[in-house]
Peer 1: 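Supplied in structure tokens, the structure appears directly below.
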Protein chains: 2
Amino acid sequence: MNKSKNKNVQKQDLSKNQQIIFDLIKKSNEPLKAYSILSNVQKKGIKAPLQVYRALDKLVEIGKIHKIESKNAFMACQNSGCQIAKATAFSICENCEKVSEIKNSKLFEYLKGFDDKSGMKYKKYNLEFFGVCNECTAK
Amino acid sequence: MNKSKNKNVQKQDLSKNQQIIFDLIKKSNEPLKAYSILSNVQKKGIKAPLQVYRALDKLVEIGKIHKIESKNAFMACQNSGCQIAKATAFSICENCEKVSEIKNSKLFEYLKGFDDKSGMKYKKYNLEFFGVCNECTAK
DNA sequence: AACGTTATGTAATAATATAACATTAATTAG
DNA sequence: CTAATTAATGTTATATTATTACATAACGTT
Ligand SMILES: [Zn+2]
Ligand SMILES: [Zn+2]
Ligand SMILES: [Zn+2]
Ligand SMILES: [Zn+2]
């Protein structure tokens, strides 16, 4: 599988840049923005925005990370790739900016089965809830 | 109510720039982007991006338009300000890019009452469905 | 080896959005 | 009404987010 030195072993099926960027996002406890990611991986040899965006695109596509659209930021999937990124839901604190991925099978079932009269076939959805989190309410 | 000349009559409660930009968005059948709006209202004297963004911010705040987060674009509310922009849902065709606002009271009730175990109080949500619309499916 | 596909490197630029500061208009309180 | 306050505007510059274009390298298959 590998030429000789046993380097470049793919931990999963991610390429080098994808793995670097995924590792960074995964260990973060908050959504990361593309240029913040860039500045954090420059020491690893990733120099240009496009390298970051390409890796992000791929990671989103395979469901390992999600984009929080209202924040233009990215976080690691807490579930199982959300069935390849087809069904995502988040709760966002408007005070402390904390974002959590919602895992609620009833909600997912409900939305998966949602059908308005338009005749449109839904393949994917993204839901973002906003409010004030527990910690912020306590204060 | 007015000084003398009967000019500057407020049609609603929108300021001049807000009204110009709202009129443009309302008559469009697709979501409009900020810089596209800008180029369309320059003949009306609105010259800078910030003038557009300020009007957009206000219009979003009062629920007369919504931002389609996944497209960075704006469309007029089809409902009644969606209770001042607190509950929004859209269907987006991935083929022709058509966006429609979803009006479905059961969905709204369901999401309004949604409560996970986190203890977070939700004040607002935005939901975006993606798929292929009727027309595009027919082709 | 040859091919198609995926990933990378690099530079330039496009598209989206905000900061900072000065001014004017509209609303409210006394 | 006048002063104080708040909301809206005008303008310039700049920050942030994202893509185009083109060249090269690595990978997977046959
Ligand atoms: Zn997920
Ligand atoms: Zn909070
Ligand atoms: Zn609406
Ligand atoms: Zn369509």
Side-chain angles (χ1 to χ4, degrees), chain A residues 1-23 25 30-62 64-75 97, chain B residues 1-23 25 30-62 64-75 97:
Chain A
M1 177 153 279
N2 237 305
K3 298 299 164 60
S4 54
K5 292 290 193 68
N6 198 28
K7 286 184 180 175
N8 300 327
V9 179
Q10 306 274 15
K11 285 187 210 168
Q12 321 198 16
D13 46 4
L14 300 182
S15 73
K16 178 169 133 283
N17 289 359
Q18 288 159 16
Q19 189 70 54
I20 290 168
I21 286 170
F22 178 62
D23 288 344
I25 294 173
E30 61 183 3
L32 295 179
K33 301 193 151 223
Y35 278 72
S36 153
I37 291 168
L38 176 57
S39 66
N40 275 285
V41 296
Q42 282 184 319
K43 54 195 166 234
K44 304 235 179 191
I46 294 175
K47 293 172 187 158
L50 189 48
Q51 294 175 289
V52 173
Y53 281 106
R54 283 197 286 222
L56 290 173
D57 284 350
K58 185 69 180 185
L59 291 167
V60 166
E61 181 191 328
I62 65 180
K64 303 210 59 131
I65 67 172
H66 303 305
K67 181 173 188 180
I68 315 301
E69 294 286 355
S70 62
K71 298 174 90 67
N72 296 319
F74 301 84
M75 65 185 299
E97 308 282 280
Chain B
M1 175 153 274
N2 237 307
K3 297 301 164 61
S4 55
K5 295 286 194 67
N6 198 25
K7 287 186 179 174
N8 300 327
V9 178
Q10 304 273 14
K11 284 188 211 167
Q12 322 197 20
D13 47 3
L14 299 182
S15 73
K16 180 169 132 281
N17 288 359
Q18 289 158 17
Q19 189 69 56
I20 289 168
I21 286 170
F22 178 62
D23 288 344
I25 294 172
E30 62 184 0
L32 294 180
K33 302 194 150 225
Y35 278 73
S36 152
I37 290 168
L38 176 58
S39 66
N40 275 285
V41 296
Q42 282 184 318
K43 53 194 167 236
K44 303 234 180 192
I46 294 174
K47 294 171 185 160
L50 190 46
Q51 294 174 290
V52 173
Y53 281 106
R54 284 196 285 224
L56 290 173
D57 284 350
K58 185 69 180 186
L59 292 167
V60 167
E61 182 192 328
I62 64 180
K64 304 210 56 132
I65 67 171
H66 303 305
K67 181 174 188 180
I68 314 302
E69 293 287 354
S70 62
K71 298 175 90 69
N72 296 319
F74 302 84
M75 64 185 299
E97 309 281 280

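Quick note on labels: first sequence line is chain A, next is B, and so on, each numbered from 1. The figures here come from the full heavy-atom set of this structure, side chains too, leaving out hydrogens, waters and symmetry mates.
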Peer 1: On a heavy-atom basis, which atom in A:F74 and which in A:I25 lie closest, and how many Å separate them?
Peer 2: O-CG2, 3.9 Å
Peer 1: Quantify the bending of the helix from C:dA1-D:dT30 to C:dG30-D:dC1 as the angle between its end axes, each fitted on five pairs, to 10°.
Peer 2: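 Here the helix ends are tilted 50° relative to one another.
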Peer 1: Measure the shortest side-chain to side-chain distance between B:D57 and B:E61 over non-hydrogen atoms and say whether it is less than 4.5 angstrom.
Peer 2: no
Peer 1: List the residues meeting salt bridge (Lys or Arg N to Asp or Glu O under 4.0 Å) with B:E97, not counting sequence neighbours, and say none if there are none.
Peer 2: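 B:K71.
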Peer 1: Verify the contact: side-chain N or O of A:N72 to OP1 or OP2 of C:dA17, cut-off strictly under 4.0 Å; return yes or no.
Peer 2: no
Peer 1: Distance from B:N72 atom CG to A:N72 atom CG, nearest 0.5 Å?
Peer 2: 6.0 Å
Peer 1: Which pairs would a plain distance check flag for residues 38-53 of chain B, meaning a side-chain donor or acceptor within less than 3.5 Å of a matching protein atom at least two apart in sequence or in another chain?
Peer 2:
| unit_1 | atom_1 | unit_2 | atom_2 | d |
| --- | --- | --- | --- | --- |
| B:S39 | OG | B:S36 | O | 3.0 |
| B:N40 | ND2 | B:S36 | O | 2.8 |
| B:Q51 | OE1 | B:K47 | N | 2.8 |
| B:Q51 | OE1 | B:A48 | N | 2.9 |

Peer 1: Specify the separation, in whole Å, of atom CG of B:N17 and atom P of C:dA25.
Peer 2: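 Rounding to the nearest Å, CG of B:N17 and P of C:dA25 are 13 Å apart.
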Peer 1: Kindly say whether, by distance alone, the side chain of A:Y35 makes a donor-acceptor pair under 3.5 Å with the base of D:dA15?
Peer 2: no
Peer 1: Would you mind reading off the distance between B:K33 atom NZ and C:dA14 atom P, rounded to a whole angstrom?
Peer 2: 16 Å
Peer 1: Quick check: do B:I21 and B:I65 have side-chain heavy atoms less than 4.5 Å from each other?
Peer 2: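 Side chain of B:I21 against side chain of B:I65, heavy atoms only: no contact under 4.5 Å found.
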Peer 1: Taking atom NZ of B:K33 and atom NZ of B:K67, what is their separation to the nearest 0.5 Å?
Peer 2: 9.5 Å
Peer 1: Look up atom CG in A:D13 and atom CD in A:Q19, then write down how far apart they are to the nearest 0.5 Å.
Peer 2: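 A:D13 CG to A:Q19 CD: 9.0 Å, rounded to 0.5 Å.
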Peer 1: Round to a whole Å and report the spacing from CG of B:L14 to P of C:dA25.
Peer 2: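 Interatomic distance, CG of B:L14 to P of C:dA25: 19 Å.
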Peer 1: If the condition is side-chain hydrogen bond (donor to acceptor under 3.5 Å, both in side chains), which residues does A:Q18 pass it with, not counting sequence neighbours?
Peer 2: A:S15
Peer 1: With respect to the phosphate group of D:dA18, does any side-chain polar atom (N or O) of A:K67 fall under 4.0 Å of OP1 or OP2?
Peer 2: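 So the side chain of A:K67 is within the cut-off, an N or O lying under 4.0 Å from OP1 or OP2 of D:dA18.
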Peer 1: Counting only side-chain nitrogens and oxygens, does A:K16 get under 4.0 Å of the OP1 or OP2 atom of C:dG9?
Peer 2: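 True: A:K16 side-chain N/O within range (under 4.0 Å) of C:dG9 OP1/OP2.
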Peer 1: Starting from P on C:dT6, measure out to NZ on A:K58 and report it in whole angstrom.
Peer 2: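 Result: 7 Å.
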Peer 1: Heavy atom of residues 37-56 of chain B under 4.0 Å from DNA chain D: which residues?
Peer 2: B:K47, B:A48, B:L50, B:Q51, B:R54
Peer 1: Quickly work out the A:I20 CD1 to C:dG9 C1' distance and round it to whole Å.
Peer 2: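 Rounding to the nearest Å, CD1 of A:I20 and C1' of C:dG9 are 13 Å apart.
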Peer 1: Quick one: is C:dT6 close enough that its OP1 or OP2 comes under 4.0 Å of any side-chain N or O from A:S15?
Peer 2: no
Peer 1: Name the nucleic acid region contacted by A:K71, choosing base, sugar-phosphate or nothing; use a 4.0 angstrom heavy-atom cut-off, strictly under.
Peer 2: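 The answer is nothing, as A:K71 stays clear of every strand by at least 4.0 Å.
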Peer 1: Would you mind reading off the distance between A:D13 atom CG and C:dT6 atom P, rounded to a whole angstrom?
Peer 2: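 One finds 13 Å between P of C:dT6 and CG of A:D13, rounded.
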